[in-house]
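The structure appears below as structure tokens.
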Protein chains: 2
Amino acid sequence: MTTIRGARDRARIEVTAAIKDEARRQLAAEGAAKLSLRAVARELGMVSSALYRYFPSRDDLLTELIVDAYDAVGAAGERALAAADPADHLARWTAICTGVRSWALARPHEYALIYGSPVPGYSAPRRTVGPASRVGVALISVARDAFDAGGIALPPLSEDLRPEAERLGAEFAPGLPPEVVAALVAAWAQLFGLVSFELFGQFNSMVEEREKLFVHAAGRLGREVGLLPGR
Amino acid sequence: MTTIRGARDRARIEVTAAIKDEARRQLAAEGAAKLSLRAVARELGMVSSALYRYFPSRDDLLTELIVDAYDAVGAAGERALAAADPADHLARWTAICTGVRSWALARPHEYALIYGSPVPGYSAPRRTVGPASRVGVALISVARDAFDAGGIALPPLSEDLRPEAERLGAEFAPGLPPEVVAALVAAWAQLFGLVSFELFGQFNSMVEEREKLFVHAAGRLGREVGLLPGR
DNA sequence: GTCTATAACGAGATAGAC
DNA sequence: GTCTATCTCGTTATAGAC
């Protein structure tokens, strides 16, 4: 898409990356709420006003970090999915889940940025929505493969939730029955509940074997969506 | 527990409450990372050094807010449980879940304080552990009632997770089989995944009927733990 | 055109002397 | 407990270097 034309463009890309790297360091040290353009500039030996050539505002820098984080966790899930046994739908599902978890454990502050408390005063713009859905899209793709390969059997949905599930399915997972769509949305949120509890310390001095518990729970989530192993 | 002796104690209690109220207001406006004793004092017309007579440090004030929040969400779950049909185990489970969700929707910033991103530089002391487990204890009690009333049937646990589940069960849910214990821990985390996704904006411009989806998912969580309706 | 630097604004936090 | 001097912040205007 973007072609690099010369030294000028290359320098711009490098400086942009340096700004984001430094911003991520501050994210880890102080949290997103205290991310400051001035501190980033100071650390890079620049003057704060120079940053505005690269990011029109502090919120735009935040948005870039958020989009990058969503893309990174999405890519981690997709990579894990690509490496899984293509014939085992439940294994593919669990692969996405463990891919997400591994990424989160490796980059806890970026995880907190996107799945933790909202940043006070910041409101995410539309362009975060697409990247934010990448993990969900990957989960949907596994459910669709399993459905196409042999159907998925789930108990019927209650009448009051079916219209919503049908609407969601039409928009995000066309072709999948509403029972699966409802289970998918719930499993999607619940997956991140497992990761957040581990990362945010709720399991401290309680759960020791976190990976084993996670794999177990992720598998049960897959079954909730109707997936069966080895099909 | 604490007996109120006179006007001095009453004044102390009132000031303490006023400090916490103001701190909670700042939590909502600026986030936990920016909670500042000075700002609280200023807003109350006090001088910052005076606050140290009530809270030895900013972290102690934070701890108090965290303990209060855990107690409040725990009490909300327990209250909802007490109001549910005692004969319907699945309804009792779902009652706890909706009680937690309602509390979270009513006090989103206190929810974020305890279930959102960790506060940079703050490390929760031991005394938060007890209050933090109240919701979990309520969920366990429902599972125990159902188990005592007629047993719970779940597929056996994989060998590599069983020791951990047995250890957890011995410590937190004695008498319950390890399959139920593992399901309980996972469901506990997943419940807050559902609430966090709704509260932290992941459902924005996506899920509309959030309560309906939540009730559905909470019921499925209860079934994952082995609960059946009306028993 | 592209970038950086200087300076300034209004708002707010902070440290220390008193 | 008060006051002040000095920091921080995001952001903008402007001027000049490449």
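From a predicted model like this one, the values you see are computed outputs, not experimental measurements. Every chain is numbered from 1 and lettered A, B, ... according to where its sequence line falls, protein lines coming before strand lines. Excluded from the calculations below are hydrogen atoms, water molecules and symmetry mates; all remaining heavy atoms, backbone and side chain alike, are included.
Taking for each of A:S49 and A:R42 the nucleotide of DNA chain D with the nearest heavy atom, the 5'-most of the two is the partner of A:R42. Along DNA chain C, the nucleotide closest to A:S48 and the one closest to A:Y54 are compared, and the more 5′ of them pairs with A:Y54. If you find the closest nucleotide of DNA chain D to A:R53 and to A:A39, the one lying nearer the 5' end belongs to A:A39. Of the two residues contacting DNA chain C, namely A:R38 and A:A50, the nearest-nucleotide position lying further toward the 5' end is that of A:A50.
If you take CD on A:Q190 and OG on B:S196, they are separated by 12.0 Å, rounding to the nearest 0.5 Å.
Contacts of A:L35 with the nucleic acid, taken as non-hydrogen atoms under 4.0 Å apart, involve only primed sugar atoms and P, OP1 or OP2.
Under the ring-ring contact (aromatic ring centres under 6.0 Å, His included) criterion, the residue pairs touching residues 35-74 of chain B are B:Y70-B:Y115, with sequence neighbours excluded.
A:S36 has no side-chain polar atom (N or O) that falls below the 4.0 Å cut-off from OP1 or OP2 of D:dT8. Between D:dT12 and A:Y52, no contact under 4.0 Å exists linking OP1 or OP2 to a side-chain N or O.
When rounded to the nearest whole Å, the span between CD of A:E30 and C1' of D:dT8 equals 13 Å. For A:L61 and D:dG10, the CG to P distance is 10 Å, given to the nearest whole Å. One interatomic measurement links the two molecules: CG of A:L51 to C1' of D:dT12, which rounds to 14 Å at whole-angstrom precision. Per the geometry, CG belonging to A:L62 stands 13 Å off C1' belonging to D:dG10, to the nearest Å.
Of all non-hydrogen atoms in A:A189 and B:L194, the two that sit nearest each other are CB-CD2, 3.9 Å.
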Where do B:E209 and A:R167 land on the salt bridge (Lys or Arg N to Asp or Glu O under 4.0 Å) test, with the steps shown first?
-> CA-CA 11 Å; B:E209 299 282 2; A:R167 189 188 59 74; over 6 Å; no

Pair A:E164-B:K212, salt bridge (Lys or Arg N to Asp or Glu O under 4.0 Å): steps then yes or no | CA-CA 9 Å; A:E164 172 77 346; B:K212 285 178 179 141; over 6 Å; no

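Using bins of under 30°, 30° to 60° and over 60° for the plane-to-plane angle, the ring pair A:F203/A:F197 lands in the perpendicular bin.
Take B:Q26 and apply the side-chain contact (heavy atoms from CB on, under 4.5 Å) test, not counting sequence neighbours, and it matches B:E22, B:L35, B:A39, B:V40.
For DNA chain C, the span of nucleotides reached by chain A at under 4.0 Å from its heavy atoms goes, 5' to 3', from C:dC3 to C:dA8.
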